[in-house]
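All residue numbers in this chain count up from 1 along the given sequence. Owing to the predicted nature of the structure, the values given are computational and were not obtained by experimental measurement.
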Amino acid sequence: MKQIHSTAIVDAKAELADDVCIGPYSIVGPDVVIGAGTWVGPHAVITGPTVIGQRNRIYQFASVGSDCQDKKYRGEPTRLEIGDDNVIRESCTLHRGTIQDQSLTRIGSRNLLMVNTHVAHDVIIGDDGIFANNVGIAGHVVIGDNVIIGGNSGIHQFCRIGSHAMLGGGTTLFKDIPAYVMASGNPAEARGMNFEGMKRRGWSSQTLNALRKAYKAVYRDGLTLEAAYPVLEALAVDAPEIQLFIDTLRESTRGIAR
């Protein structure tokens, strides 16, 4: 059965699964869909159009699905979509998209958004990410899977962060981070690859050694990206994981943080 606290306000046009829990003084507006097993704590505000998947946990004072902070926004019907099994901690702000992009902000599944994380309009986030306290993600940013972003970091609009990448605490990112790369600083500089994370996922030593060579070709050998691509493509023959590294390099429009 639904568990809606007597002080909560749930609009008649909201669609809640049968076992959703809504805590004291929380507000759920129209055009909000909340999936099974999701728990919303006290004093949260969820507005729509927003679709929230299953088994999410949304803590107090979170603002989910609000209008974006973009001066071009004129009240158009844009969306926020959130997957399954995410943890959205206190005071997080997650905004809907704009018609200047795809009218969509999307967060995948199994992400941890720690206190005061801000996800701006038109951001696309993959699965299994960790965003530490006070991370600010500006509009139109694309973030892959298994990404870790340290506390108090700021991501400039239109940046792309590849899967398995990691940003240290207090990082300010103005350019793109390819898959697997670790970066930190203000402005961000590449510091290596997230080999510890890959080891924890059981990646083979052969793959890790190939990625070390790939990183060296791009960041240590003084090659241009065009000159590095043949080296990377040769390494990818025996280590297909390198193709993701190549793809994120080719997709970069802002240039990569060096």
Side-chain angles (χ1 to χ4, degrees), residues 53 80-88 92 94 97 101-102 104-114 117-132 135-151 153-169 171-184 188-203 207-208 210-212 214-215 218-219 225 229 232 235-236 239-258:
L80 168 66
E81 296 178 0
I82 298 174
D84 303 327
D85 300 298
N86 296 286
V87 177
I88 299 167
C92 288
L94 316 179
D101 201 319
Q102 300 181 60
L104 172 67
T105 301
R106 185 173 66 233
I107 298 171
S109 297
R110 299 178 302 279
N111 293 287
L112 169 58
L113 280 63
M114 296 186 192
T117 295
H118 174 61
V119 179
H121 58 90
D122 305 292
V123 169
I124 304 297
I125 294 175
D127 301 331
D128 300 297
I130 299 174
F131 304 84
V135 167
I137 305 171
H140 312 284
V141 168
V142 177
I143 299 174
D145 300 331
N146 293 291
V147 170
I148 299 174
I149 299 181
S153 293
I155 316 302
H156 193 278
Q157 60 183 349
F158 294 102
C159 283
R160 303 177 72 93
I161 302 175
S163 294
H164 309 286
M166 181 175 181
L167 299 186
T171 296
T172 304
L173 184 64
F174 297 104
K175 294 188 176 183
D176 296 341
I177 299 296
Y180 312 116
V181 171
M182 294 193 306
S184 63
E189 296 181 9
R191 310 290 182 180
M193 280 190 170
N194 186 16
F195 293 115
E196 187 60 37
M198 290 180 262
K199 287 178 184 177
R200 292 176 182 176
R201 297 182 190 101
W203 292 25
T207 297
L208 298 182
L211 284 168
R212 287 188 178 91
Y215 182 86
V218 172
Y219 287 96
L225 284 181
Y229 284 138
L232 301 179
L235 291 168
E241 292 82 358
I242 289 176
Q243 188 59 51
L244 178 61
F245 184 55
I246 296 170
D247 292 342
T248 53
L249 290 170
R250 292 192 184 277
E251 291 167 1
S252 174
T253 59
R254 298 181 61 83
I256 61 171
R258 293 275 192 170

Between Pro178 and Phe245 the two heavy atoms that sit nearest each other are CB-CE1, 3.6 Å
For the pair Ser153 (side chain) and Gly168 (backbone), establish whether a donor and an acceptor sit closer than 3.5 Å, ignoring hydrogens and angles. yes
Quick one: does any side-chain atom of Ser163 pair with a main-chain N or O of Gly144 as donor and acceptor, under 3.5 Å? no
Taking salt bridge (Lys or Arg N to Asp or Glu O under 4.0 Å) as the test, write out the residues that go with Asp85, two or more places apart. Arg55
For Glu251, does the CD atom sit with more than 12 other heavy atoms under 6.0 Å from it, leaving out its own atoms? yes
Looking only at heavy atoms, which two atoms of Asp127 and Asn111 are closest? And how far apart? C-OD1, 3.6 Å
Are Asp101 and His121 packed together at the side-chain level, in the sense that at least one heavy-atom pair is separated by less than 4.5 angstrom? no
CD1 of Ile242 to CG of Leu249: how many Å apart, nearest 0.5 Å? 11.0 Å
Nearest-0.5 Å distance, CZ of residue Arg258 to NZ of residue Lys175: 9.0 Å
Phe195 CZ to His164 NE2 distance, which is reported to the nearest 0.5 Å: 13.0 Å
Closest heavy-atom contact between Thr248 and Ala179? OG1-N, 3.1 Å
Separation between CG (Asn86) and CG (Leu94), nearest 0.5 Å, reads 9.5 Å
Could you go through the side-chain contact (heavy atoms from CB on, under 4.5 Å) check for Ile177 and Val147 one step at a time? CA-CA 11 Å; Ile177 299 296; Val147 170; over 6 Å; no
Ile130 side chain near Met114 side chain, heavy-atom distance below 4.5 Å: yes
Taking all atoms of both residues into account, what is the closest heavy-atom pair of Leu173 and Ala257, and its distance? CD1-CB, 4.4 Å
Working to the nearest 0.5 Å, report the span between CD of Glu81 and CD1 of Ile107. 10.5 Å
Is there a side-chain contact (heavy atoms from CB on, under 4.5 Å) between Met198 and Thr207? Walk through the geometry before answering. CA-CA 10 Å; Met198 290 180 262; Thr207 297; 6.0 Å; no
Using the side chain to side chain contact (heavy atoms under 4.5 Å, CB included) definition, which of the options Leu167, Val142, Asp176 pairs with Ile161? Leu167
Any chance you could measure Thr105, atom OG1, to His140, atom NE2, to the nearest 0.5 Å? 9.0 Å
Distance-minimising heavy-atom pair for Ala190 and Tyr219: CB-CE2, 3.4 Å
Please step through salt bridge (charged side-chain N to carboxylate O under 4.0 Å, His left out) for the pair Asp128 and Arg110, ending with a clear verdict. CA-CA 5 Å; Asp128 300 297; Arg110 299 178 302 279; 2.8 Å; yes
Excluding sequence neighbours, so at least two apart, what forms ring pair (Phe, Tyr, Trp, His ring centres under 6.0 Å) with Tyr229? none
Are the side chains of Tyr180 and Leu244 in contact, using a 4.5 Å heavy-atom criterion? yes
Sorted by chain and residue number, the side chain to side chain contact (heavy atoms under 4.5 Å, CB included) partners of Phe174 (sequence neighbours excluded) come out as His156, Thr172, Asn186, Pro187
With a 4.5 Å cut-off on side-chain heavy atoms, are Val218 and Ile256 touching? yes
Restricting to non-hydrogen atoms, name the atom on Ile125 and the atom on Phe131 that form the minimum distance, rounded to 0.1 Å. CG2-CZ, 3.7 Å
Would you say that Leu80 contacts Val119 through its side chain, given a criterion of any heavy-atom pair below 4.5 Å between the two side chains? no
Face-on cation placement of Arg254 at Phe158 ring, 6.0 Å and 45° thresholds: no
